[in-house]
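Structure, as structure tokens:
Letters A, B, ... are given to chains in the order of the sequence lines, protein chains preceding strands, and every chain is numbered from 1. Quick note: numbers below take in every heavy atom, side chains included, and nothing from hydrogens, waters or symmetry partners.
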There are 2 protein chains.
Amino acid sequence: MNIGRAAEKSGLPPKTIRYYEEIALIRPARAENGYRDYSEDDVHRLRFLQRSRSLGFSVEECRTLLSLYQDDARASADVKAVALDKITEIDRKLAELKSLRGTLARLAEHCHGDQRPDCPIIDDLAGKRGA
Amino acid sequence: MNIGRAAEKSGLPPKTIRYYEEIALIRPARAENGYRDYSEDDVHRLRFLQRSRSLGFSVEECRTLLSLYQDDARASADVKAVALDKITEIDRKLAELKSLRGTLARLAEHCHGDQRPDCPIIDDLAGKRGA
DNA sequence: CATAAGGATTCCAGCAACTGTAAGGTCAAC
DNA sequence: GTTGACCTTACAGTTGCTGGAATCCTTATG
């Protein structure tokens, strides 16, 4: 099938699919006219990529997961390790965002937010601590 | 002062400082030998940028904040609005990450993580729902 | 049969926010 | 005078696409 149909079926835009081929994540066949020709298996792989990307895995992680997906002799422990690493990474990001949010919320809370120039947010950004 | 000293004082690498000049966030003077020459005020601006970037503001938001910083007639309401927008954005990211984390944790929990190939994580990524 | 629309192809540029590298200029110390 | 630290510019690379231009192929219609 052509790339447009594969795009519909996988939920990925054609541009992205071509990009995935460029970085060697998938290798579709070519028809005689030069068009890419996707098999059902290719579409499975594309959907796999779509889902794993949407779960926050990087393209390189997706490459690993895809090779595990295609490896019938894989150990589920290997897959689990990737998932747990990602959870750790997400936890780090969550902690960082929460901390940022706390700081911003505290600053905003102390800013009267009117037409006067006096502003604790700016003061903090400028390094004028406390007060 | 030279860029190296300004880097030390602001906590930003020289490369980043040059980049900020390239995108017109700061405009240091030049010495006769062509070296950038930073004033104390320049360093204040750099520290301001360092702090606001580290709080998660985009470079363009930093540009806005910096102009507010340098505007003695600013309304604190304008600053507060930027901060509140950023908090909203952080909340969105937090929700997304929490959701991802939940999905991954659920998948990992059901994966026995041993030497066998059977893996609910892969099954889910492949679209085999339920089971 | 011509042609126009809709898809397909390639390649190149651009987004954010830097970072790395190369090739060279300047300055202070020995 | 030469070493080494520091400065300069310019260009490439990072991540993960996305948009655009020029061209080709296929299909439907007049």
Side-chain angles (χ1 to χ4, degrees), chain A residues 1-39 42-43 45-66 85-86 89-90 93 96-97 100, chain B residues 1-39 42-43 45-66 86 89-90 93 96 100:
Chain A
M1 83 192 72
N2 284 349
I3 198 169
R5 188 86 187 87
E8 275 175 34
K9 285 195 169 197
S10 65
L12 289 168
K15 274 277 184 189
T16 301
I17 298 179
R18 288 196 194 95
Y19 172 69
Y20 286 169
E21 181 177 350
E22 194 185 320
I23 61 174
L25 274 181
I26 43 164
R27 307 165 183 285
R30 291 285 175 144
E32 292 200 352
N33 58 11
Y35 285 18
R36 290 168 179 83
D37 185 16
Y38 295 88
S39 67
D42 287 330
V43 171
R45 278 186 274 273
L46 288 172
R47 287 175 51 77
F48 184 95
L49 288 169
Q50 190 280 324
R51 173 103 175 112
S52 36
R53 286 289 297 130
S54 78
L55 276 178
F57 291 104
S58 73
V59 163
E60 286 315 306
E61 286 162 342
C62 289
R63 195 188 298 279
T64 301
L65 289 170
L66 192 58
D85 276 1
K86 184 50 66 174
E89 194 184 319
I90 289 175
K93 281 189 198 164
E96 193 181 346
L97 283 178
L100 290 179
Chain B
M1 83 192 74
N2 284 349
I3 198 170
R5 187 87 187 88
E8 276 175 35
K9 285 195 168 197
S10 65
L12 289 169
K15 272 278 181 189
T16 301
I17 297 179
R18 288 196 195 96
Y19 173 69
Y20 286 169
E21 179 177 352
E22 194 184 319
I23 61 173
L25 274 181
I26 43 164
R27 307 166 183 283
R30 290 285 175 144
E32 293 200 349
N33 58 12
Y35 285 19
R36 288 168 179 84
D37 185 17
Y38 295 89
S39 68
D42 287 330
V43 171
R45 278 186 274 272
L46 288 173
R47 288 176 52 75
F48 184 95
L49 288 170
Q50 189 279 325
R51 174 104 175 112
S52 36
R53 285 289 296 128
S54 77
L55 277 178
F57 290 103
S58 73
V59 163
E60 286 315 306
E61 286 163 340
C62 288
R63 196 188 298 278
T64 301
L65 288 170
L66 191 58
K86 184 51 67 173
E89 194 184 319
I90 289 175
K93 282 189 197 164
E96 193 181 346
L100 290 178

So which protein nitrogen or oxygen atoms get under 3.5 Å of nucleotides 5-7 of chain C's nitrogens or oxygens?
| unit_1 | atom_1 | unit_2 | atom_2 | d |
| --- | --- | --- | --- | --- |
| C/dG7 | N2 | A/Tyr35 | OH | 3.1 |

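Contacts between residues 15-33 of chain A and DNA chain D, defined by a heavy-atom separation under 4.0 Å, are made by A/Lys15, A/Thr16, A/Tyr19, A/Tyr20, A/Asn33.
An OP1 or OP2 oxygen of C/dT9 is reached within less than 4.0 angstrom by a side-chain nitrogen or oxygen of A/Arg36. A sub-4.0 Å separation between OP1 or OP2 of D/dC6 and a side-chain N or O of B/Arg5 is absent.
Smallest separation of non-hydrogen atoms from A/Pro13 and A/Ala7: C-CB, 4.3 Å. Residues A/Leu97 and B/Ile90 come closest through the heavy atom pair O-CG2, 3.7 Å.
When rounded to the nearest whole Å, the span between CD of B/Glu61 and P of C/dA16 equals 12 Å. Atom-to-atom, CG of A/Leu55 to P of D/dG16 comes out at 15 Å; the value is rounded to the nearest Å. The CD-P distance, from A/Glu60 to D/dC17, rounds to 12 Å in whole Å. Look at CG on A/Leu46: it is 17 Å from P on D/dG16, rounded to the nearest Å.
Of the possible polar contacts, one joining the B/Asp37 side chain to the B/Met1 backbone as a donor-acceptor pair under 3.5 Å is found. Using a distance-only test at 3.5 Å, with no hydrogens or angles considered, no donor-acceptor pair links the side chain of A/Arg45 to the main chain of A/Leu25. Between the B/Lys86 side chain and the B/Phe57 main chain, no donor and acceptor come within less than 3.5 Å of each other.
Proximity of A/Leu55 to A/Ser52: side-chain heavy atoms (C-beta onward) are nowhere separated by under 4.5 Å. Looking at heavy atoms from C-beta onward, B/Gln50 lies out of side-chain contact with B/Thr16 at the 4.5 angstrom threshold.
Separation of atoms CG (B/Leu49) and CG (B/Leu66) is listed at 5.0 Å; rounding is to 0.5 Å.
Ion pair B/Glu21/B/Arg18 not flagged as a salt bridge, since none of the NZ, NE, NH1 or NH2 atoms sits closer than 4.0 Å to an Asp/Glu carboxylate oxygen.
Map B/Tyr38 and A/Ser58 each onto its nearest nucleotide of DNA chain D; the residue landing nearer the 5' end is B/Tyr38.
Counting any heavy atom pair closer than 4.0 Å across all strands shown, B/Pro13 reaches sugar-phosphate atoms only and no base atom.
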